[in-house]
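As structure tokens, the structure follows; a few thoughts come after it.
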2 protein chains.
Amino acid sequence: MTSSARSEDTPPTDPVGFETHDHASCIASAIAEAEAHCAREGLRFTPVRRKALEILLREHRALGAYEMLDALREAGFGSQPPVAYRALEFLVGNGFAHKIERLNAFIACAHPGANHSPAFMICRSCDSVAEAQATPARGALGDAARAAGFRIERTVVEAEGLCPACSEKAGT
Amino acid sequence: MTSSARSEDTPPTDPVGFETHDHASCIASAIAEAEAHCAREGLRFTPVRRKALEILLREHRALGAYEMLDALREAGFGSQPPVAYRALEFLVGNGFAHKIERLNAFIACAHPGANHSPAFMICRSCDSVAEAQATPARGALGDAARAAGFRIERTVVEAEGLCPACSEKAGT
DNA sequence: GCGCTACTTGTCATAGTATAACAGTTCGTG
DNA sequence: CACGAACTGTTATACTATGACAAGTAGCGC
């Protein structure tokens with residue numbers, strides 16, 4: 001998984017998304033990680049897939065599939081929806097990106113390599129999205145699933161609300 | 001509300017959805033509750049809204065908006081998408097139904113009246129959906145939100161996996 | 001009862017999201 | 001080099017959702 005040793009008991013709680021940071025290096029390292037991961041797994045990190053990940057990383061926000069398609073077309077790739085959907089499917093399937101169900105949009109993974117169940121905070125005012133770690137099996141949902149005999153394979157956890165900046169703007 | 005006093009610390013873990021139960025009475029009581037709620041709040045529980053809720057309760061599964069539209073048309077209501085979307089908007093807005101983001105579909109609320117943040121378990125094999133209670137402010141997401149200064153207003157919690165029946169069919 | 005307002009219903013039109021199916025190409029392997 | 005698997009691109013189509021406007025209806029003050 002690339003990312004250096006980190007205890008399962010101390011997941012990072014840094015949201016990564018409501019603060020500025022060194023973008024150029026975060027993009028470069030994310031691409032490098034994806035490349036390394038693909039090499040290890042025998043996956044093909046083709047130009048269109050790499051470009052799609054670059055676009056997500058550069059935008060640093062949730063992009064609709066058709067925004068992605070526009071960007072890919074401008075970069076010289078095909079111009080039909082499946083081009084974007086397939087690249088996104090690859091990225092999501094391999095953990096390099098996530099789909100935000102609430103927005104029908106996609107965002108680069110903020111914790112690449114971590115074996116995580118992502119959780120998202122979505123600002124309803126500015127549409128910014130921050131990624132955190134979820135603990136799916138814990139809490140009421142995990143209890144209910146065990147009680148019902150439901151086998152959880154994947155979780156969608158998305159909180160909608162106001163990010164710090166918009167919260168201030170809105171007063172109090 | 002109707003549901004009798006219940007401590008915040010002991011949310012019900014009954015999934016309501018992977019088991020059979022007395023449907024006729026559950027439909028009737030849900031409709032009665034909705035009617036009473038609307039009377040109290042000065043909301044208009046019009047024929048098309050009532051029918052939409054009846055349909056959701058009767059089907060007892062997540063319905064796409066266009067399935068709802070078909071059912072409403074058969075019942076003699078309008079046949080254009082806004083008819084269904086507006087009825088669903090009313091039901092969701094007033095807590096009588098929920099939208100399952102993962103499926104782009106709608107389901108009757110299984111805990112009507114309860115002041116809840118719903119969580120859902122979605123079977124990827126048979127598409128059945130069970131509703132449980134979430135505890136949004138607790139857990140890693142709540143911690144991350146507080147650390148980031150994000151104000152949560154609403155949460156989407158959806159677990160995807162195998163329901164007991166499909167899990168058995170699939171073998172162990 | 002009359003007229004007012006707010007709300008609701010229904011329609012047409014259009015925007016946005018997503019996938020099926022097939023042809024041509026490229027990659028890795030035997 | 002021949003082969004199969006995977007990838008890219010295309011056309012066509014299906015599914016999901018909303019804006020805008022006209023007509024009807026309920027509730028309210030007078």
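If you're wondering where the values come from, they're calculated on a predicted model, not measured in any experiment. Numbered from 1 within each chain, the chains take letters A, B, ... in sequence-line order.
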For [X] and [N], give me the distance from atom [atom1] to atom [atom2], rounded to whole Å.
| X | N | atom1 | atom2 | answer |
| --- | --- | --- | --- | --- |
| B:R44 | D:dG27 | CZ | P | 6 Å |
| B:L103 | D:dA17 | CG | P | 11 Å |
| A:I100 | C:dA18 | CD1 | C1' | 18 Å |
| B:E89 | D:dT18 | CD | P | 8 Å |
| A:N104 | C:dG16 | CG | P | 13 Å |

hbond_proxy A:Y85 side chain to C:dA20 base (donor-acceptor, 3.5 Å cutoff) =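 Side chain to base: no pair below 3.5 Å.
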Can you tell me if the side-chain N/O atoms of [X] get under 4.0 Å from OP1 or OP2 in [N]?
| X | N | result |
| --- | --- | --- |
| A:R49 | D:dC7 | yes |
| B:Q80 | C:dG10 | no |
| A:S79 | D:dG9 | no |

Can you tell which of D:dG9, D:dA17, C:dT11 lies closest to the side chain of A:R86?
->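 Among the listed nucleotides, the one closest to the side chain of A:R86 is D:dG9.
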Could you tell me whether B:R49 sits above the aromatic face of B:F90, with NZ or CZ closer than 6.0 angstrom to the six-membered ring centre and within 45 degrees of the axis?
->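 Checked: cation-pi criterion met.
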A:R102 and A:I122: CA distance, side-chain angles, deciding distance, side-chain contact (heavy atoms from CB on, under 4.5 Å) verdict = CA-CA 9 Å; A:R102 178 78 178 124; A:I122 307 167; 3.9 Å; yes
Side-chain contact test, heavy atoms from C-beta onward, threshold under 4.5 Å: evaluate it for A:C163 versus A:C166 and give yes or no.
->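 Sidechains of A:C166 and A:C163: in contact.
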